[in-house]
Amino acid sequence: MLENLPVIVFGAVMVSWLVFAVAFFLNTRPASAVTPDRKRAPASIVGIVLQGLSYGLVWTVRRPLMTLPYRFSAIVAVIWAVLTITIAVASVWFTVAAVRTLGKEWSLTARVVEEHRLVQAGPYRLVRHPIYTGMLGMLLATGFALGNWWVLIIAVCVFLVGTRIRVGYEERLLREAFGAEFDDFARRVPAIIPFLI
C-alpha cells in the first residue's frame, strides 16, 4: 500500500495542475468581451516572474519521482498523502472560483478596467487575493509531492516576495479606484491566508 501512495499523490497533483492551468492560463475571452484598461501596472510582471521562479525551484530541484519524502510510518504516510491531495484540490477550487467570480476584471497583470467593480463575493469573502492563495497551495502541494523540504522553504519565500510585489501594485490601483470602500474591504478581509493575513 505505501509503495502506491507516492504514485497516487503524484497523479492527483498532476490532475490538479491540469485543471489549474485550464482555469488560469486558458481563460480566454472573445475580443468583443475584452474590456479596455482604465489603469494598468505593467511593473507587476516582476512579481509574476518571482512566482514562476518559485514553481521552477520545486519542479527542478526535487527528490526522485514516485518516492516518499522520508521513511514515514504508515499512518504518517497516509496523512501526508491526504494533506497533499487536499491542498491541491482546494487550491484548484479556490482558483477556479476566483477566476469565475472576477469575470472581466481578471488579468495577468495588475489593472483596473472600465466599469471595474470591487469584487467581494465568492472566495473574495475569505481573502482579498484568492488566486494567490490557490497558487500558494499549488506550490505547497507540488513541493510536498515532489520536492525537498529545504527547496520548498526557499520556493515559498521567493513566492511570497513575488506575491507581495503583485499585491502592492494591485492594491494601490484598487485603493485609487475605490478609496474608502477598498480600505474597509482590506480591514475586514485578510490578503492571502483565510482568517490570518
Side-chain angles (χ1 to χ4, degrees), residues 16-17 19-30 32-55 83 86-143 155-197:
S16 296
W17 267 110
V19 175
F20 182 87
V22 167
F24 193 78
F25 293 111
L26 302 180
N27 182 36
T28 57
R29 294 177 288 281
S32 61
V34 174
T35 307
D37 291 347
R38 196 166 80 194
K39 195 162 189 183
R40 182 179 284 265
S44 67
I45 201 80
V46 172
I48 295 173
V49 169
L50 289 172
Q51 289 169 327
L53 177 62
S54 71
Y55 288 117
L83 179 66
T86 301
I87 291 171
V89 171
S91 298
V92 169
W93 176 85
F94 224 58
T95 302
V96 169
V99 169
R100 283 189 173 177
T101 303
L102 272 182
K104 69 179 183 177
E105 280 89 12
W106 185 87
S107 174
L108 207 52
T109 60
R111 70 180 184 147
V112 174
V113 297
E114 294 297 330
E115 300 177 23
H116 199 105
R117 61 195 165 96
L118 182 60
V119 177
Q120 299 180 56
Y124 291 87
R125 289 178 301 195
L126 299 174
V127 290
R128 297 191 307 271
H129 302 279
I131 292 175
Y132 301 145
T133 305
M135 290 171 65
L136 176 59
M138 288 304 295
L139 179 68
L140 291 171
T142 305
V156 166
C157 291
V158 171
F159 178 88
L160 291 175
V161 169
T163 300
R164 179 66 193 109
I165 291 168
R166 300 260 321 187
V167 165
Y169 281 110
E170 289 175 11
E171 293 199 344
R172 196 170 308 127
L173 290 174
L174 291 170
R175 192 164 273 112
E176 287 173 12
F178 298 103
E181 183 184 5
F182 178 78
D183 288 336
D184 178 59
F185 178 52
R187 270 191 302 276
R188 289 182 293 107
V189 180
I192 306 291
I193 301 174
F195 314 111
L196 293 177
I197 58 170

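What you see is a predicted model, and the numbers here were worked out from it, not measured in a lab.
Between Y169 and I165, the closest side-chain pair of non-hydrogen atoms falls below 4.5 Å. You'll find the side chain of L118 stays beyond 4.5 Å of the side chain of Y124, heavy atoms only. You'll find the side chain of R175 reaches within 4.5 Å of the side chain of D183, heavy atoms only. The shortest side-chain heavy-atom distance between V158 and L50 falls under the 4.5 Å cut-off. Annotation: side chain of I48 is in contact with side chain of I45 (closest heavy-atom distance under 4.5 Å). Within the 4.5 Å cutoff, the side chain of H129 has no heavy atoms near those of the M135 side chain. With a 4.5 Å cut-off on side-chain heavy atoms, F159 and L136 count as touching. The closest side-chain heavy-atom distance from F94 to L126 is below 4.5 Å.
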* Might you work through the side-chain contact (heavy atoms from CB on, under 4.5 Å) test for S16 and V89, ending with a clear yes or no? => CA-CA 6 Å; S16 296; V89 171; 4.3 Å; yes
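Of the listed residues (R128, R166, R164), just one forms a salt bridge (Lys or Arg N to Asp or Glu O under 4.0 Å) with E171, and that residue is R128.
A pairwise comparison of heavy atoms in I131 and A98 identifies CG1-CB, 3.5 Å as the closest pair. Among all heavy-atom pairs drawn from V119 and F185, the shortest one is O-CZ, 3.8 Å. The minimum heavy-atom distance between T133 and P194, with the atom names listed, is CG2-CD, 4.3 Å. Residues S91 and G137 come closest through the heavy atom pair OG-CA, 3.0 Å.
Although no hydrogens or angles enter the test, the distance criterion places a donor-acceptor pair under 3.5 Å between the side chain of R117 and the main chain of L102.
Using bins of under 30°, 30° to 60° and over 60° for the plane-to-plane angle, the ring pair W17/F20 lands in the perpendicular bin.
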